[in-house]
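Some notes on the structure that comes next.
Note that the structure is predicted; figures quoted are calculated from it, not measured.
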Amino acid sequence: MDRLRAFEVFVSVVGKGGFAKAADALNTSPANVTRYVAELEGYLGTRLLNRTSRRISLTEAGQALFDRGRAILDEVAELEALAGAAAVRPRGRLRINVPVSFGIKHMAPLWPRFMERYPDVLLDVSLIDRVVDIVEEGYDLAIRISRAGSQSHVARRLAVSRNIVCASPSYLARHGHPQVPADLGSAQHRCLIYTQAAMAEEWRLTDREGREHAVRVNGAMLTNNGDTARVAALEGAGIIWQPTFLIGPELRDGRLVPLLPGFRLPDIDVLAVYPSRRHLSAKVRVMVDFLAAAFHGIPPWEQGLYPNDTD
């Protein structure tokens with residue numbers, strides 16, 4: 001038995017003053033109305049209505065149920081209205097997970113604009129580099145930097161970032177330029193390894209003909225933070241590969257020098273990931289659209305890089 005529906009039918013019978021009138025109001029048959037009331041009385045183990053051929057009256061239990069049932073149905077209607085409004089009007093807490101470096105450099109400047117545009121949305125932003133379980137950990141939305149996308153959730157691509165092998169001029173003055181990927185595994189060179197990457201100690205580059213060159217690099221340092229690798233590289237500690245969203249300014253001003261022309265690492269996607277397209281709340285929808293518009297076209301980290309690069 002659908003108890004909420006049974007309460008609705010019972011309250012309508014009392015409110016309308018009869019089974020036939022309740023059936024008309026609920027767009028169902030008198031037989032269905034009678035069945036619901038009988039099932040409700042059977043479930044509760046008590047008579048709710050006294051019936052005669054001309055009128056109905058409430059028992060003591062029926063009066064108590066009618067008063068409380070009507071209040072419950074009013075509360076349910078109010079909750080449905082609030083939920084419906086939330087699906088149309090962006091409001092409420094919006095929990096977002098963002099990788100640390102990307103969140104600081106590229107997301108943090110966007111939050112004030114979003115907050116001004118949608119003042120009824122309370123942003124709750126967590127900066128965490130590990131891949132969170134969106135549903136289990138209660139997030140509405142996650143930003144992921146990935147080549148694999150998401151197998152279990154909806155993923156909308158916001159932008160693309162190139163991965164670049166590079167080093168500082170001071171490092172190159174001491175160690176020279178690697179000519180082919182295999183040089184990265186030689187004793188001549190020192191690489192700074194980002195352990196969060198799928199290809200941490202084995203770097204895989206592709207040449208212009210599409211051939212893959214995999215090399216186990218000679219590691220001088222391991223770190224799970226891209227900014228740490230970037231700063232160490234700027235100090236001349238070794239060769240890194242990092243995405244342009246992290247090292248774009250240093251590539252533009254020459255503090256880091258791209259290496260191995262003719263070879264490329266796979267690009268990575270910046271993704272907005274959320275549990276489902278069905279019943280998508282307004283606050284998630286407007287955030288995804290806002291971020292897609294913010295990163296539309298050439299993303300800021302790629303602007304001004306390699307204007308003559310056609311690879």
Side-chain angles (χ1 to χ4, degrees), residues 94-111 123-166 191-206 210 212-215 217 222-230 240-248 251 263-277 280 284-285 287-303 305 311:
L94 178 59
R95 293 199 68 213
I96 306 175
N97 165 249
V98 187
V100 176
S101 296
F102 188 83
I104 294 171
K105 290 179 178 292
H106 300 291
M107 303 295 286
L110 299 177
W111 301 139
L123 292 181
D124 184 350
V125 182
S126 298
L127 272 62
I128 305 172
D129 277 334
R130 66 177 174 83
V131 177
V132 302
D133 187 315
I134 300 175
V135 175
E136 287 294 323
E137 299 183 45
Y139 287 101
D140 299 295
L141 177 70
I143 303 301
R144 291 192 180 155
I145 312 298
S146 172
R147 290 189 294 124
S150 176
Q151 300 299 316
S152 55
H153 302 303
V154 178
R156 179 172 175 181
R157 188 167 72 177
L158 302 175
V160 176
S161 182
R162 288 197 279 181
N163 287 314
I164 305 295
V165 178
C166 58
C191 295
L192 312 177
I193 295 171
Y194 177 57
T195 58
Q196 295 286 87
M199 52 179 193
E201 297 183 56
E202 184 178 75
W203 297 6
R204 296 176 176 271
L205 296 92
T206 304
E212 185 181 80
H213 300 256
V215 55
V217 299
L222 303 168
T223 178
N224 68 349
N225 179 263
D227 274 309
T228 297
R230 176 182 61 85
I240 59 170
W241 74 259
Q242 285 294 323
T244 48
F245 73 72
L246 189 64
I247 58 172
L251 292 170
F263 297 91
R264 289 188 66 161
L265 290 161
D267 295 341
I268 52 174
D269 291 331
V270 179
L271 304 170
V273 179
Y274 45 98
S276 174
R277 285 191 178 92
L280 185 65
V284 174
R285 175 175 47 78
M287 175 57 80
V288 172
D289 290 343
F290 171 82
L291 294 176
F295 294 124
H296 179 70
I298 300 174
W301 52 82
E302 292 284 344
Q303 293 175 8
L305 291 179
D311 285 353

Check your understanding: If every non-hydrogen atom of F245 is compared with every non-hydrogen atom of K105, which pair is closest and at what distance?
Key -> O-CD, 3.9 Å
**Study point:** Approximate separation, where rounding is to 0.5 Å, of S161 OG and I247 CD1
**Key:** 8.0 Å
Review point. CD1 of I145 to CG of L246: how many Å apart, nearest 0.5 Å?
Key: 10.5 Å
Check your understanding: Are any of the side-chain heavy atoms of T223 and T195 separated by less than 4.5 Å?
Key -> no
Review point. Can you find a heavy atom in the side chain of T244 that is under 4.5 Å from one in the side chain of Q303?
Key: no
Check your understanding: Taking the side chain as C-beta and beyond, is there a heavy-atom pair between N163 and I268 under 4.5 Å?
Key -> yes
Point to revise | Residues T206, E212; criterion side chain to side chain donor-acceptor pair (under 3.5 Å); working and verdict | key: CA-CA 4 Å; T206 304; E212 185 181 80; 5.2 Å; no
Practice item. Would you mind reporting whether R264 and D267 have side-chain heavy atoms less than 4.5 Å apart? Key: yes
Revision key, fill the gap. Exactly one of I193, L192, I164, V165 clears side-chain contact (heavy atoms from CB on, under 4.5 Å) with I240, and that residue is L192
Check your understanding: Heavy-atom distance under 4.5 Å between the side chains of H106 and W301, does that happen here?
Key -> yes
Revision key, fill the gap. For L110 and F290, the nearest pair of non-hydrogen atoms, with its separation, is O-CZ, 3.6 Å
Practice item. Calculate, to the nearest 0.5 Å, the distance between atoms OG and CE belonging to S101 and M107 respectively. Key: 13.5 Å
Practice item. Could you give me the CA-CA distance, side-chain angles and deciding distance for D129 and F102, then say whether side-chain contact (heavy atoms from CB on, under 4.5 Å) is met? Key: CA-CA 10 Å; D129 277 334; F102 188 83; over 6 Å; no
Study note, to complete from the structure: In R144, R157, R162, the residue satisfying salt bridge (charged side-chain N to carboxylate O under 4.0 Å, His left out) with D269 is R157
Exercise for review: Begin from the C-alpha positions of D124 and I96 and carry the test side-chain contact (heavy atoms from CB on, under 4.5 Å) through to its verdict.
Suggested key: CA-CA 6 Å; D124 184 350; I96 306 175; over 6 Å; no
Review point. Counting heavy atoms not belonging to I298, are there more than 12 under 6.0 Å from its CD1?
Key: no
Point to revise | Step-by-step side-chain contact (heavy atoms from CB on, under 4.5 Å) determination, I128 to V100 | key: CA-CA 6 Å; I128 305 172; V100 176; 5.8 Å; no
Check your understanding: What closest approach, in Å, do P99 and I143 show between heavy atoms, and which atom pair accounts for it?
Key -> CD-O, 3.0 Å
Point to revise | For the student: nearest non-hydrogen atoms of Q242 and Y194, plus distance | key: NE2-CB, 3.5 Å
Review point. Taking all atoms of both residues into account, what is the closest heavy-atom pair of F295 and L158, and its distance?
Key: CB-O, 3.6 Å
Review point. What's the verdict on side-chain contact (heavy atoms from CB on, under 4.5 Å) for C191 and W241, showing C-alpha distance, side-chain angles and the deciding distance?
Key: CA-CA 9 Å; C191 295; W241 74 259; over 6 Å; no
Study note, to complete from the structure: So CD1 of I134 and CG of L141: to nearest 0.5 Å the spacing works out to 7.0 Å
Review point. Do the non-hydrogen side-chain atoms of Y139 and V132 ever get within less than 4.5 Å of each other?
Key: yes
Practice item. Starting at OG of S146, measure out to CG of L271 and round the result to the nearest 0.5 Å. Key: 6.0 Å
Practice item. Decide, yes or no, whether a salt bridge links R95 with D140 under the criterion of side-chain N to carboxylate O below 4.0 Å. Key: no
Check your understanding: Say you draw a straight line from CD of E302 to CG of L251; how long is it, rounded to the nearest 0.5 Å?
Key -> 9.5 Å
Review point. Mind checking whether V98 and S126 have side chains closer than 4.5 Å, heavy atoms only?
Key: no
**Study point:** Test item: R204 and L265 side chains (from C-beta on) under 4.5 Å apart, heavy atoms
**Key:** no
